[in-house]
Every structure is written in structure tokens, then in C-alpha cells.
Amino acid sequence: MDDARSRQVVIAGAGVAGLTAALAFSERGYLVRLFEQAPRLEAAGAGIQLSPNATRILRQLGVLDRLLPAAVRPEAVVLKEAATLRELARVPLGEAAERRWQAPYLVAHRADLQDALMARLAEQPDISLVTGARVGGIAAGPRHTTTTVEIAGKTIEADGFLLIGADGVWSAIRALGGFAAKSRFSGELAWRATISADSVAGEALAAVGAADCVTAFLHPGFHLVAYPVSNGTAFNLAAFTRGEIIAEGWSGRADPNILAGAMRGTAAALARLAEDAGPWTAWPIHTVDQAQPWTTPAGIALIGDAAHAMTPFTAQGAAM
Ligand SMILES: Cc1cc2nc3c(=O)[nH]c(=O)nc-3n(C[C@H](O)[C@H](O)[C@H](O)COP(=O)(O)OP(=O)(O)OC[C@H]3O[C@@H](n4cnc5c(N)ncnc54)[C@H](O)[C@@H]3O)c2cc1C
């Protein structure tokens with residue numbers, strides 16, 4: 001294999017996993033071609049939690065300093081009973097977390113993390129990012145893999161010793177690469193709303209005591225997680241209920257009666273907050289069986305949600 005090809009990595013998908021992997025490979029001297037199907041990498045998604053296992057890596061990659069101005073360092077994770085708003089438990093974060101784990105616990109808007117990763121990527125001449133580029137085929141050779149990419153109605157081929165499928169929970173690479181793992185609907189729906197801190201809903205949230213913390217309101221068959229994003233100017237609300245499968249995607253719609261029904265019996269202040277915060281978007285929570293292989297001998301590897309999408313209940317989706 002010629003020298004350039006033996007150092008060439010091809011990555012499908014420029015989400016959190018693909019962008020991070022591109023930076024990590026480039027730092028180790030590899031050439032990276034990164035293909036993203038979306039026409040532009042624009043602000044998409046809502047809040048994500050970044051625990052110290054993730055922020056430590058962002059620091060190593062030169063990304064953390066770019067993220068800090070937009071991120072929030074919550075003081076604690078607080079668990080409350082949704083019916084009474086009684087505090088059940090509190091895990092200190094803030095400086096305590098940083099002292100303990102030598103890296104901060106942060107909450108941020110997904111778009112701010114993506115911007116910070118992109119800003120660092122722009123400084124790396126060995127990474128080429130092409131948007132509007134959908135990976136649609138793979139031919140695995142003995143020593144390198146040829147990836148077929150569709151760009152503006154044309155098809156190009158990209159060779160590399162390694163193809164990384166970072167194309168998310170509904171990964172095409174998983175099927176194209178012959179991986180046994182499949183994504184499976186978990187039976188849960190996630191509901192999302194982002195509210196401005198100075199809106200009626202923002203004030204309602206502050207009134208139930210969640211302004212500078214990650215607060216989880218717990219109820220049988222329902223929970224709601226709230227935390228500040230965008231330097232504290234907005235709050236991310238994510239609620240979880242059982243539900244029927246809805247279309248794949250991160251900003252879908254589901255019957256609001258499911259959410260209202262799941263919240264029956266929660267405190268009136270919380271029900272009002274949910275009403276003021278709407279309209280809610282929804283996504284179907286899928287998981288990928290982590291016991292299955294995520295690499296092949298032919299030089300294809302899955303990472304991120306493509307490899308191990310998980311329910312978001314330990315707030316590790318973005319970190320992993
Ligand atoms: C638009 C969007 C909004 C999201 N919003 C939230 C949110 O609000 N809250 C939350 O907890 N999580 C959200 N997520 C998921 C969250 O980002 C991931 O769970 C986590 O960060 C793991 O990231 P990932 O890079 O593995 O996957 P993803 O972030 O899903 O990134 C996968 C990327 O691969 C691209 N892609 C897919 N197929 C191909 C292909 N064939 N060729 C080239 N590119 C391809 C996708 O366009 C996407 O950019 C969102 C993801 C996306 C894409």
C-alpha cells in the first residue's frame with residue numbers, strides 16, 4: 001500500500017463522534033476525509049451533558065477552551081419527586097466535580113459543541129470535510145477499503161486503510177459493512193423543548209428550583225430533566241415517556257396527549273411548565289446492541305451512536 005493510502009482515514013458522518021475522531025486521528029498524523037450527508041453543519045439539536053470523561057478528551061484535542069464560553073457548569077445534579085417537588089438526592093458538581101475528576105462537568109447546546117469542534121477542525125490542514133456527501137457503498141479490499149460517496153448527483157470514491165462509520169443511530173455503514181448489530185426501538189419517546197430563561201416557562205422553571213443545576217423530576221413512567229444551556233440564556237427540557245414508535249429523526253412530532261397523560265399526578269407547577277414550554281418535539285429512542293462487534297478485519301469500525309446508541313438515562317450519549 002502506498003504511503004498516503006496507509007495513512008488515510010475515511011469517516012462517514014460529522015456529528016459529535018465523527019468530528020472528534022477526525023481531530024484525534026489528525027493529531028496522531030493521519031490524513032482524514034470526513035463526509036457528511038447534511039448540506040451544511042448548522043445548529044441542530046438541543047442540550048447535551050458532558051461529564052468529565054468527555055471534557056478531558058475535549059481539552060486534549062484543544063476544543064474545551066472554545067466550548068467553555070457557551071457552556072454552563074452546573075452546581076449539582078438534583079433529583080426531585082415530580083408529584084411533590086421534594087428533593088430526593090443531590091450530587092455536587094461545579095468545582096467539586098472538577099477537583100475530583102480533574103475536568104469539568106458541563107451542559108451545553110449540541111450546536112455549541114459542534115461549533116467548537118468545527119473551529120478546531122478548521123485549523124487542521126490534514127482534515128478535509130465535505131458536506132452534502134452521502135456515503136452509499138463500501139468495497140473492502142485486502143489492504144484498504146473503497147468508500148463510495150454521492151455528492152451533488154455525482155459519485156466519487158475514497159480509499160483509506162480505515163473507514164469509520166460515525167453515521168449515527170440509524171447508521172448505513174452498519175448494514176453496508178455487514179455488522180450484525182441493529183438499532184432497536186426501546187419503547188420510549190424523548191420529548192424536547194428549549195425555552196428562553198426570561199420567558200414565562202423559564203420563570204416557571206426557576207420557580208421550581210432548577211436554575212443552575214441539572215434537575216431530574218421523577219414520576220412513575222415519566223421523568224423530566226432540565227438544565228441551562230447557551231451560557232444560561234436558555235434551558236433545555238427533555239422528558240421521557242413510554243410510547244409507540246414514531247418516524248426516525250431528532251425533531252419529530254408525537255401526540256401531546258401521551259406527554260400530558262404521563263404527567264398526570266405531577267405537581268401543578270410542573271404541568272404548567274410543560275404547557276408553557278410547548279410545542280414539544282419528539283424522537284424515538286433507539287438502542288444498538290453493544291455486545292456485537294464494532295470492527296471488521298477489513299478495516300471498518302463503527303463509533304458513537306452507530307456502534308452503541310444507548311438510552312439517555314445516564315446522560316452519556318454525547319460523551320460516548
Ligand atoms: C440533527 C441532530 C440533532 C440531535 N439532537 C439531539 C438532542 O437534542 N439531544 C440529544 O441528546 N441528542 C441529539 N442528537 C444525537 C446526539 O448528537 C448523539 O446521540 C450523540 O452525540 C452521538 O453522536 P454521533 O456522532 O454518534 O451521531 P449523530 O450526532 O447522530 O451524527 C451522525 C452524523 O452522521 C451523518 N450521516 C448519517 N448517515 C450518513 C451517510 N450515509 N453519509 C454521511 N453522513 C451521514 C448525520 O447527518 C449526522 O450528522 C442529535 C443528532 C443529530 C444528527
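All values below come from the heavy atoms of this structure, side chains included, with hydrogens, waters and symmetry mates left out. Numbering of ligands and ligand atoms starts at 1, following listing order.
- Counting heavy atoms from C-beta outward, Asp212 and Pro228 have side chains that stay 4.5 Å or more apart.
- Side-chain N or O atoms of Arg33 include none that pairs as donor or acceptor with a backbone N or O of Ala158 at under 3.5 Å.
- For ligand 1, the atoms closer than 4.0 angstrom to any heavy atom of Arg192 are 5 (N), 6 (C), 7 (C), 8 (O).
- Close N/O approach between Ala306 and ligand 1 is not found [any backbone or side-chain N/O within under 3.5 Å].
- At least one heavy atom of Trp283 lies less than 4.0 angstrom from ligand 1.
- In this structure Thr241 satisfies the side-chain hydrogen bond (donor to acceptor under 3.5 Å, both in side chains) test together with Trp191, sequence neighbours excluded.
- A donor-acceptor pair is defined here as one N or O able to donate and one able to accept, closer than 3.5 Å; no such pair exists between the side chain of Arg174 and the backbone of Gly165.
- For the ligand labelled ligand 1, residue Gly47 lies inside the 4.0 Å heavy-atom shell.
- The shortest distance between side-chain heavy atoms of Asn236 and Val107 does not fall below 4.5 Å.
- At a heavy-atom distance under 4.0 Å, only backbone atoms of Ala133 (N, CA, C or O) approach ligand 1.
- Close N/O approach between Ala17 and ligand 1 is found [any backbone or side-chain N/O within under 3.5 Å].
- Listed by number with element, the atoms of ligand 1 under 4.0 angstrom from any heavy atom of Asp305 are 18 (C), 19 (O), 20 (C), 22 (C), 26 (O).
- With a 4.0 Å cut-off on non-hydrogen atoms, Ala238 does not touch ligand 1 at all.
- Between the choices Ala12, Gly137, Gly165, Gly168, the shortest heavy-atom distance to atom 27 (O) of ligand 1 belongs to Gly168.
- Checked against a 3.5 angstrom limit, the closest N/O atoms of Ala46 and ligand 1 fall inside it.
- Looking at Arg134 next to ligand 1, no N or O pair under 3.5 Å apart turns up.
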Before you tell me yes or no, could you show the steps for Ser51 and Asn53 under side-chain hydrogen bond (donor to acceptor under 3.5 Å, both in side chains), namely the whole-Å CA-CA distance, both residues' side-chain angles and the distance that decides it to 0.1 Å? CA-CA 6 Å; Ser51 42; Asn53 52 331; 2.5 Å; yes
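- One option in Ala166, Gly13, Ser251 has a heavy atom closer to atom 32 (C) of ligand 1 than any other, and that option is Ala166.
- By the ring-ring contact (aromatic ring centres under 6.0 Å, His included) test, His286 is found to be paired with Trp170, Phe185, residues two or more places apart in sequence or in another chain being considered.
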Arg73/Glu98 under side-chain contact (heavy atoms from CB on, under 4.5 Å): CA gap, chis, key distance, verdict: CA-CA 10 Å; Arg73 206 163 53 154; Glu98 199 153 351; 2.4 Å; yes
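- By the criterion of side-chain heavy atoms lying less than 4.5 angstrom apart, applied directly or through intervening Ile, Leu, Val, Met, Phe, Trp or Tyr residues, Val200 is not grouped with Leu205; the two fall into different hydrophobic clusters.
- Selection from His308, Arg110, Gln49, Glu150 by nearest heavy atom to atom 17 (O) of ligand 1 gives Arg110.
- Within the listing of ligand 1, atoms 26 (O) sit less than 4.0 angstrom from a heavy atom of Gly304.
- Against a heavy-atom cut-off of under 4.0 Å, Phe35 is close to the following atoms of ligand 1: 43 (C), 44 (N).
- Geometrically, ligand 1 and Val169 share no nitrogen or oxygen pair separated by less than 3.5 Å.
- Two residues are said to be in side-chain contact when any heavy atoms from C-beta on lie closer than 4.5 Å; Leu273 and Leu270 meet this criterion.
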